[in-house]
Amino acid sequence: MSKDIRIKRGLALRLKGEAEKQIIEAPRSKTYAIKPPDFHSVVPKMTLKEGAMVLAGETLFYSKYTEDVKFTSPVSGTLKEIKRAERRRIVEVIIEAHPTDSYKDFGKMNAETSAPEAVKSRIFESGCGAFIKQRPYDIVADPKDTPKAIFISALSTAPLAADLGFILKDKVAAFQEGINALKKLTSGKVHLSVDASSEAVLKGIKGVELHHVKGPHPAGNVGIQIHKLDPLNMGERVWVVGAEDVSIIGNLFLTGEFHADRTIAVTGSEAKDRKYYKTKIGANVSDLIPQMPDSVRIISGDVLTGDKLSNNQYIGFYHNSITLIPEGNQYRMFGWLPFMYNNIHSNSKTSLSWLMPKKKFEPTTNLNGEERALVVTGEMEEVLPMDIYPMQLLKACMAGDIEKMENLGIYEVAPEDFALIDYVNTSKIEAQEIIRLGLDLMITEVG
C-alpha cells in the first residue's frame, strides 16, 4: 500500500557544491571516536578503562538510566582516551584502531522467524539500539517501550544532503533484513518514505507501508512525515531509524557482527573533491578532507542542523555528510539596505536573487544581523508544513509553560523541524535550541 505525501510549504535552498555520484573507499583512520553528546539525554557509564583492548561491537559504555541501551565500538583496537569536559562530563571515547577489524560474534539470526524479544535483545545488546530514536523528545529509544509505529525516511531534502537512495543501492539485502527485524519491535506499521530516485532502489522492499514524498525541505524530515501519516498524542511513542542504519541492523542479523559502515558525502562550495566516501562511524574528518584554513567552516551534517568541527575532530554518529562553506567573517557595507547584494539568497525578497529560482548560491555563516525584538507575522508558518503555531510554541518554550507547550504540539516536533525557521526568521532567535530546551523540560516534568 502506498500513500503520497505532498508538501507545499517549506523552502528549497539551492546551494553550490553537490557531491558527485561516485563512492570511494576512504583511508582507514588511525583513531575513531564515539561522542556521548550525540545521544541527547544519555548519561554514559563506562565499561572499559583507558588502555583496554576492544573488539568491533564490544560495549564501550551504556546509559546510566537505561542499562539495556549500549554503545559499542565501531572498530577493533585500543581504548586510547576518555576525553572529559567540565564536571568530568565525557565528551569523546577515542579508539586507536588496529590495521584490520576483529569483531565480537553475536551469532547469525533469522530476524523473520525469531521471537520479538530475541530480536529486540540482539539489536540493543549489539549497540544497534543507538540507531533507534524516539518521538516525542528526539532521544535514544527505551527498549522497555513498544512503539505504535516505526518510521524510516529514505530521502533527505536538506541543502546539499547525501542522496540516501544512492547510498543504499548496494545494501538492499541488508536493508530488507533490517526491516524484518524492525517489524518485530512494533505491533503497528513500519513506514518507509522515498522520493522518485530512491523508489527504483527500494521498490521491492517487503513488510513496509511505502510513501512517496514530494515537496521542498523539510519534506524529508521524518517528523513532518509522522505529522502527516500518524500524528502523536500524549503518552504515545513512535520510533525513528535512519535509512543507512537499517542496513547496519540487517547486516548484524545476516553476519552476526556489528559492521559500523558509514557512507559520507563531502559537499559544499569549499570542498575540492566532492564525492561519497565509505568509512566507519566516528571516523576522523581529516581522513576525508585536507586541513582547512580558518576561513572555512567544517560542518558534520548539513548546513541547517549540522555540528561545527575543527580539523582532526570526528564525524557525528548519525551524520551522512560533511559540508564545507566559507566562514561569515566579512562585514557587508550597508548590508541592511534592500537590493544592495543580489548574489545571495533572500527568502524575504530583499535582493533580486528571488527572480532567479534556479540559481545556486554559495552561503556563508553570516547571520546578517543580531537577535532583535521583531517578529514578522506568518514568516515561520511559511516554512513549517505542520498544523501548529510555531511562533506561539517557541514563546511557550521560552516561558516554560508546559500546558501551553502540550496544547501547541510540543510532542510532534524535533529541533530539526525548526531549522528553516532559524534560517528565515527576522528576529534571529535560535529556534532549534529553544525547542531542544523545551523538550528537555517536558522530559523532566512529564517523562
For T186 and P147 the tightest heavy-atom approach is OG1-O, 2.8 Å
Please list, chain by chain and in numerical order, all residues satisfying ring-ring contact (aromatic ring centres under 6.0 Å, His included) with Y411, sequence neighbours excluded. none
In terms of side-chain heavy atoms, does Y314 have a donor or acceptor partner in S29 at a distance below 3.5 Å? no
Taking atom types as modelled and ignoring hydrogens, do the side chains of Q313 and N284 form a donor-acceptor contact shorter than 3.5 angstrom? no
Is V43 close to R89 at the side-chain level, that is, under 4.5 Å between some pair of heavy atoms? no
K144 atom NZ, over 12 foreign heavy atoms within 6.0 Å: yes
Do other residues, nucleotides or ligands put more than 12 heavy atoms under 6.0 Å from E327 CD? yes
Going by salt bridge (charged side-chain N to carboxylate O under 4.0 Å, His left out), R237 matches just one of D145, D142, D230. Which one? D145
Under 3.5 Å side-chain donor-acceptor pair for R262 and H319: no
Ion pair K104/E58, N-O distance below 4.0 Å: no
Does any donor atom in the side chain of Q176 or N180 lie under 3.5 Å from an acceptor atom in the other side chain? yes
For K80, I'd like to know if atom NZ has over 12 heavy atoms of other residues, nucleotides or ligands within 6.0 Å. no
Hey, is K189 close enough to E209 for a salt bridge, meaning N to O under 4.0 Å? yes
Check the angle between the aromatic planes of F61 and F71 and answer parallel, tilted or perpendicular using the 30° and 60° thresholds. parallel
Side-chain touch K120/I123, heavy atoms, less than 4.5 angstrom: no
Using a strict cut-off of less than 4.0 Å between a Lys/Arg side-chain nitrogen and an Asp/Glu carboxylate oxygen, indicate whether E112 and K184 qualify as a salt bridge. no
K395 NZ/CZ over Y389 ring centroid, <6.0 Å and within 45° of normal: no
Shortest non-hydrogen contact between A161 and S156, atoms and distance: CB-OG, 3.1 Å
I'd like to know whether CZ of R372 has more than 12 heavy-atom contacts from other residues, nucleotides or ligands below 6.0 angstrom. yes
Decide yes or no for L304 and H217: does some side-chain heavy atom of the first lie under 4.5 Å from some side-chain heavy atom of the second? yes
I'd like to know whether the aromatic ring centres of F131 and Y318 sit less than 6.0 Å apart in this structure. no
Heavy-atom side-chain contact between Q225 and V213 under 4.5 Å: yes
E406, CD atom: more than 12 neighbouring heavy atoms under 6.0 Å: yes
Charged N-O contact under 4.0 Å between K278 and D261: no
Can you find a side-chain donor-acceptor pair between H40 and Y137 that sits under 3.5 Å? no
Can you pull the ring-ring contact (aromatic ring centres under 6.0 Å, His included) pairs that have at least one residue in residues 426-447, sequence neighbours excluded? none
Closest non-hydrogen atoms of T323 and D302, given as atom of the first, atom of the second and distance, are OG1-CA, 3.9 Å
Taking all non-hydrogen atoms of both residues into account, name the closest pair between A181 and I249 and its distance. CB-CG2, 4.3 Å
State, with a plain yes or no, whether a side-chain heavy atom of R84 is found less than 4.5 Å away from one of V91. no
Take atom CD in E403; do more than 12 heavy atoms of anything else shown fall under 6.0 Å from it? no
Verdict with reasoning, L182 to I152, per side chain to side chain contact (heavy atoms under 4.5 Å, CB included): CA-CA 10 Å; L182 292 172; I152 302 153; 4.0 Å; yes
Ring centre gap for F258 and Y103 strictly below 6.0 Å: no
Using 0.5 Å steps for rounding, measure from the CD1 atom of I24 to the OG1 atom of T279. 12.5 Å
Any carboxylate oxygen within less than 4.0 angstrom of a Lys/Arg side-chain nitrogen, looking at K16 and E362? yes
Should R135 and E416 count as an ion pair when the cut-off is N to O under 4.0 Å? yes
Salt-bridge test for K35 and D307: reply yes if a basic N is under 4.0 Å from a carboxylate O, no otherwise. no
Does the side chain of N311 reach to within under 4.5 Å of the side chain of S286, using non-hydrogen atoms? no
Taking C-beta and beyond as the side chain, do I299 and L324 meet within less than 4.5 Å on heavy atoms? no
Whether E371 and K428 form a salt bridge (side-chain N of Lys/Arg under 4.0 Å from carboxylate O of Asp/Glu) is what I want to check. no
Side-chain contact test, heavy atoms from C-beta onward, threshold under 4.5 Å: evaluate it for V69 versus P143 and give yes or no. yes
Take T267 and E18, measure what side chain to side chain contact (heavy atoms under 4.5 Å, CB included) needs, and give me the verdict at the end. CA-CA 5 Å; T267 67; E18 291 181 359; 5.9 Å; no
